[in-house]
Amino acid sequence: MHISVQSEFFDFSKEVENFSSKLDNIGALVTFTGIVRGQKSKNLDYMLIEHYPGMTETQIKLIVEETFKRWKICDALVIHRYGKLEPGEPIMMVATAAQHRKEAFEAAEYLMDYLKSRAPFWKKEVLNGEGNWVGAASGDEAALSRW
Amino acid sequence: MHISVQSEFFDFSKEVENFSSKLDNIGALVTFTGIVRGQKSKNLDYMLIEHYPGMTETQIKLIVEETFKRWKICDALVIHRYGKLEPGEPIMMVATAAQHRKEAFEAAEYLMDYLKSRAPFWKKEVLNGEGNWVGAASGDEAALSRW
Amino acid sequence: MIDLIYFSWIRERIGKSSESIETRATTIIELIEELKKKDVRYSEVFSDLGSFRVAINQELTNFDASIIEAKEIAFFPPMTGG
Amino acid sequence: MIDLIYFSWIRERIGKSSESIETRATTIIELIEELKKKDVRYSEVFSDLGSFRVAINQELTNFDASIIEAKEIAFFPPMTGG
């Protein structure tokens with residue numbers, strides 16, 4: 001289990017490389033990367049992500065532990081950033097490794113659904129000096145009920 | 001749309017890097033990589049993948065086109081190898097880029113389900129000189145019915 | 001003394017990210033009522049119970065949870081991770 | 001002349017990867033019956049219709065499909081891509 005909550009930029013492909021090079025006897029690797037949408041000074045100048053230090057790490061750890069309990073996976077990785085992010089920058093990523101593809105896919109989607117609604121992050125989009133807090137989508141909470 | 005049917009090894013993280021660097025204004029990137037399971041001279045000496053040249057490329061193209069029709073995705077990548085593969089080597093990968101995570105995940109799973117049962121590849125596992133053709137799992141065909 | 005912590009638009013509207021208070025409230029909902037009487041900013045922020053969440057000692061909880069053991073209570077909008 | 005192509009264990013059991021044939025059959029199922037009479041290897045390979053698939057001109061099809069326009073007919077087990 002690898003969890004990182006960080007303000008620093010991360011290189012998605014290097015992180016996957018790192019994660020997968022340590023694994024043995026896996027058959028399936030799924031990754032998800034969330035990226036800041038929009039083009040600078042058109043849709044978005046930048047995004048600010050606030051989080052709850054301490055609780056963030058604890059919550060992510062609980063979510064990943066629950067993922068290990070529910071699916072037969074070999075390993076999982078979660079990286080989530082906070083602070084100021086430019087359009088096109090990676091916000092966060094998850095990676096799951098398993099023997100079979102079904103487990104790897106479901107574990108990754110489960111992680112994403114729970115990180116979305118249970119990890120204490122809040123996003124603000126800033127355009128022309130105006131900030132807007134991103135609201136939770138109505139489907140986010142509902143997405144949890146499928147698990 | 002990027003499709004490659006090749007015998008050569010590919011570097012998963014470089015392919016993702018390549019694929020994603022060309023994209024603009026995406027919010028979600030999902031990748032799946034299938035890897036040869038097992039440890040050399042214990043579970044498996046090597047895997048042989050046979051395919052149907054011509055039909056393989058046509059079928060993959062049809063599957064990817066259908067994926068574009070069904071989901072709002074920005075781009076998709078499919079790489080699939082044939083020939084002799086050692087344990088730990090990547091067999092194939094898909095990547096999907098979209099504005100939102102739901103579309104990226106579903107498109108990747110749809111691609112995988114169809115590649116599994118509709119792309120003309122056949123796998124043989126070789127251990128101690130004995131080859132065994134891998135049978136289709138009973139769930140593979142059933143997986144298509146959910147789409 | 002209990003530390004109250006605010007995030008996102010709750011922090012912005014209350015005008016501070018944290019404060020330490022003394023309270024006689026025994027549950028979250030009593031605490032919220034107490035805060036609402038203190039200042040109009042609190043009564044505005046906490047007017048709709050559906051619009052925010054609460055955590056006691058960094059654990060998500062309900063509005064009727066006891067705060068007897070609370071050292072840190074956080075108020076924030078629904079989370080938007082991922 | 002039609003090209004017949006075999007893959008995987010079908011290729012191994014028939015003992016060749018392809019052959020060109022003349023046939024009076026008009027459908028896949030008729031062609032299969034004709035092949036089965038030709039040699040025991042064919043009758044063994046094609047004994048269970050559930051165990052293999054067929055493609056005409058590189059397109060998946062059914063056993064009752066017409067082969068009038070067929071240039072290339074392939075027989076293979078269920079695919080195991082991915």
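Just so it is clear, the values below take in all heavy atoms, side chains as well, and ignore hydrogens, waters and symmetry mates. By convention in this document, chain letters (A, B, ...) are assigned in the order of the sequence lines, proteins followed by strands, and residues within each chain are numbered from 1.
If you tally non-hydrogen atom pairs under 4.5 Å between each of B:Val16, B:Thr31, B:Asn25, B:Thr96 and chain A, the highest count goes to B:Thr31. Options A:Glu109, A:Gln39, A:Glu15, A:Lys14 differ in how many heavy-atom pairs under 4.5 Å they form with chain B, and the most are formed by A:Glu109. Residue with the most contacts toward chain A among B:Lys102, B:Met93, B:His100: B:His100 (heavy-atom pairs, distance under 4.5 Å). Contact count versus chain B (heavy atoms, under 4.5 Å) is highest, among A:Asp24, A:Ile91, A:Val36, for A:Asp24.
When heavy atoms are compared at a cutoff of 4.5 Å, A:Ala108 approaches chain B by way of both its backbone and its side chain. With a 4.5 Å cut-off on non-hydrogen atoms, B:Gln99 touches chain A through its backbone and its side chain both.
By the 30° and 60° cut-offs, the orientation of the rings of B:Phe32 relative to A:Phe105 is parallel.
A salt bridge links A:Arg101 with B:Asp113: the distance from a Lys NZ or Arg NE/NH1/NH2 to an Asp or Glu carboxylate oxygen falls below 4.0 Å.
Taking both residues in full, the closest heavy atoms of B:Ile35 and A:Leu29 are given as CD1-CB, 4.2 Å, listed atom of the first, atom of the second, then distance. B:Ser13 and A:Glu17 get closest at one heavy-atom pair: OG-OE1, 2.5 Å.
At most 12 non-hydrogen atoms from other residues, nucleotides or ligands lie less than 6.0 angstrom from NZ of B:Lys42.
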